[in-house]
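One is the number of the first residue; the rest follow in order along the sequence. The structure displayed is predicted, hence computed values, not measured ones.
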Amino acid sequence: MTAGLSLRAARVLTPGGLLPDAVVEIQDGLVVGVGAGDPATAVDLGEVTLCPGFVDLHVHGNGGSWWGQSEENDRGIARRMARSGTTSCLASLGGRQTLDEVLDSLRTTSRLVGSETGAVEILGIHMEGPFINPEKRGAWMPEQLRAPSVSELHQMQEAAAGTIKTMTIAPELPGALEVVSECIGLGIRPAIGHTNATYEEAMRGIEAGMTYSTHTYNGMRGLHHRDPGALGAVLAAPRLDAEVIADGQHVAEGAIRVLISARGVDQVIMVTDNVALSGLEPGEYGEGHWRVKVTEGGITMADGTIAGSVLPFSRHFANMVGIAGIEDASQMASLNPAGAIGLEDRKGSITAGKDADLVALDSEFNVVMTMTRGVVTYCLPELRKGVGGAR
């Protein structure tokens with residue numbers, strides 16, 4: 001047993017609600033107590049709200065780097081993500097021009113899954129494609145897409161050493177339903193996304209085992225009262241977890257409210273869809289197909305296509321608090337994504353016995369401190385002496 005650490009915050013968000021002036025006790029990377037404690041021996045975080053760390057199941061990179069370029073770059077992405085309050089994630093891959101390049105990126109990133117990164121914990125890999133519909137490819141290049149193939153699916157999971165947890169697939173493509181069925185046997189959760197499926201085609205995918213929706217509303221056929229489309233199936237499915245990007249650019253507030261009403265708070269998952277340019281200054285970047293403009297609020301291609309998100313998770317969270325309140329927003333940002341990949345017993349809430357994955361937020365939802373498994377991965381300079389590198 002290592003020496004413990006106690007953190008005092010003006011508010012601590014627990015499964016039972018907000019606790020005022022509460023102490024969280026940490027030992028060996030785990031939460032061991034929540035509530036009453038000795039404030040004299042606790043590190044005082046001040047007038048902050050201590051929340052469960054954010055779990056991002058859809059993030060491609062930041063600071064100029066994409067996952068899978070090199071192990072050094074992947075570690076840098078993990079370190080920078082901690083600044084936004086993220087404590088664990090799935091690394092999103094898929095955008096490569098050849099199968100060999102896809103496999104190489106999987107081998108690179110899979111080496112860090114479950115290892116000590118010194119920052120965000122990489123829980124596995126999300127494959128956004130390459131089995132997606134060219135008609136709804138969004139910012140992906142046509143040459144990055146591939147026809148659904150069970151053989152290639154096996155090659156990908158083998159290259160990833162079994163760490164692929166979710167895969168985005170367009171169910172209407174020839175061979176897609178066979179891939180969906182095979183995903184389940186390989187421990188991969190197949191997700192509907194980047195799809196031009198009709199309602200009936202989408203429902204066949206759901207019946208085949210798709211129980212997850214990639215960035216709902218975006219990259220899918222929308223809902224019309226005579227053509228419910230893939231979106232209609234996502235809203236009507238008996239059981240389905242639905243991602244949503246709450247950066248204020250991808251989905252209107254009213255549409256987020258519709259999604260929460262249709263699916264219920266416990267089936268909505270906040271994701272950032274952050275791309276490599278997140279964290280960089282506004283301006284124009286890239287060339288050719290990937291010539292994009294980054295602003296304070298988002299990123300678009302020359303034709304106006306949204307090319308992912310650049311806002312940190314803390315800003316997405318602030319937007320969702322305005323829509324649903326802090327308790328529901330936290331569930332959608334932490335507990336639900338943890339549960340979607342079977343880790344709700346370890347992550348997603350400030351509960352005794354779970355990993356000490358925490359984010360301290362000020363009144364404007366700026367990140368004051370981030371902690372992953374008891375290790376401080378980011379904090380403001382004035383707190384560094386008190387919390388150190390505690391575990």
Side-chain angles (χ1 to χ4, degrees), residues 57-58 60 90 92-103 105-106 124-160 162-223 227-243 263 269 271 273 340-341:
L57 300 187
H58 189 151
H60 295 276
L90 294 184
S92 294
L93 297 172
R96 300 294 190 270
Q97 296 190 29
T98 69
L99 178 60
D100 284 341
E101 289 174 340
V102 170
L103 300 179
S105 66
L106 285 165
I125 291 170
H126 158 231
M127 287 297 292
E128 189 168 12
F131 307 142
I132 60 178
N133 194 322
E135 297 172 352
K136 293 292 184 178
R137 70 180 188 274
W140 296 108
M141 294 185 289
E143 53 267 35
Q144 293 175 321
L145 312 185
R146 306 183 66 81
S149 165
V150 169
S151 173
E152 291 188 4
L153 171 68
H154 277 270
Q155 292 180 66
M156 292 177 202
Q157 186 67 313
E158 181 179 356
T163 62
I164 300 175
K165 302 299 183 185
T166 60
M167 174 176 274
T168 301
I169 302 167
E172 71 275 19
L173 297 179
L177 297 186
E178 289 79 5
V179 171
V180 168
S181 178
E182 200 69 15
C183 276
I184 297 168
L186 292 174
I188 300 170
R189 193 169 186 187
I192 184 170
H194 286 285
T195 172
N196 200 28
T198 64
Y199 177 86
E200 291 76 17
E201 289 170 331
M203 277 299 186
R204 283 196 286 272
I206 291 168
E207 290 165 3
M210 304 183 94
T211 57
Y212 195 89
S213 170
T214 297
H215 48 47
T216 306
Y217 292 107
N218 302 113
M220 61 176 56
R221 185 188 291 218
L223 185 151
D227 178 15
L231 176 58
V234 167
L235 296 178
R239 172 71 202 185
L240 183 141
D241 290 325
E243 290 182 353
R263 293 259 42 105
I269 292 170
V271 296
D273 198 11
I341 55 174

Partners of Glu152 by salt bridge (Lys or Arg N to Asp or Glu O under 4.0 Å), sequence neighbours excluded?
Arg146
Is the shortest side-chain heavy-atom distance between Met167 and Leu153 below 4.5 Å?
yes
For residues 228-239, tabulate all N or O donor-acceptor pairs below 3.5 Å that involve a side-chain atom, not counting sequence neighbours.
residue : atom : partner : partner atom : Å
Arg239  : NH2  : Asp241  : OD1          : 3.2

For residues 165-175, pull every pair meeting side chain to side chain donor-acceptor pair (under 3.5 Å), keeping only residues two or more places apart or in separate chains.
His126-Thr168, Asn133-Glu172, Thr168-Thr214, Glu172-Thr195
Spacing of CG belonging to Leu103 relative to CG belonging to Leu93, to within rounding of 0.5 Å
11.0 Å
With sequence neighbours excluded, what pairs up with Thr163 under the side chain to side chain donor-acceptor pair (under 3.5 Å) test?
none
Got a donor-acceptor contact below 3.5 angstrom from the Arg189 side chain to the Tyr212 backbone?
no
Ile125 and Ala160 have their tightest heavy-atom pair at CD1-CB, 4.3 Å
Identify, with sequence neighbours excluded, every residue that meets side chain to side chain donor-acceptor pair (under 3.5 Å) alongside Glu182.
His154
Taking Gln157 for the side chain and Leu186 for the main chain, is one N or O donor matched with an acceptor at less than 3.5 Å?
yes
Between His58 and Glu128, does the side chain to side chain contact (heavy atoms under 4.5 Å, CB included) criterion hold? Intermediate values first, please.
CA-CA 9 Å; His58 189 151; Glu128 189 168 12; 3.0 Å; yes
CG of Leu240 to CD1 of Ile206: how many Å apart, nearest 0.5 Å?
5.5 Å
Would you say the side chain of Arg263 lies within less than 4.5 Å of the side chain of Ser213, judging by non-hydrogen atoms?
no
So, for Pro148 and Leu173, which heavy atoms are closest and what is the spacing to 0.1 Å?
CG-CB, 3.8 Å
Side chains of Leu99 and Met156 in contact at under 4.5 Å (non-hydrogen atoms)
yes
Do the side chains of Cys183 and Ile169 get nearer than 4.5 Å, heavy atoms only?
yes
Results of side chain to side chain contact (heavy atoms under 4.5 Å, CB included) for Gln144 - residues two or more places apart only
Gln97, Trp140, Met141
In short, Ile184 meets Ala208 closest at the heavy-atom pair CD1-O, 3.7 Å
Could you tell me if the side chain of His194 sits less than 4.5 Å from the side chain of His215, heavy atoms only?
yes
From Met220 atom CE to Lys136 atom NZ, the distance as rounded to the nearest 0.5 Å:
9.5 Å
Hey, does Ser92 have a side-chain heavy atom less than 4.5 Å from the side chain of His60?
yes
Quick one: closest heavy-atom pair of Ala176 and Pro171, and the distance?
CB-O, 3.6 Å
Could you check whether any side-chain N or O of Arg137 sits under 3.5 Å from a backbone N or O of Ile132, counting only pairs where one atom can act as donor and the other as acceptor?
no
Give a yes or no answer on whether the side chain of Ser105 reaches the backbone of Val102 with a donor-acceptor pair at less than 3.5 Å.
yes
Closest contact, heavy atoms only, Pro134 versus Leu145
CA-CD1, 3.6 Å
For the CD atom on Glu101, are there more than 12 heavy atoms of other groups (residues, nucleotides or ligands in this structure) within a distance under 6.0 Å?
yes
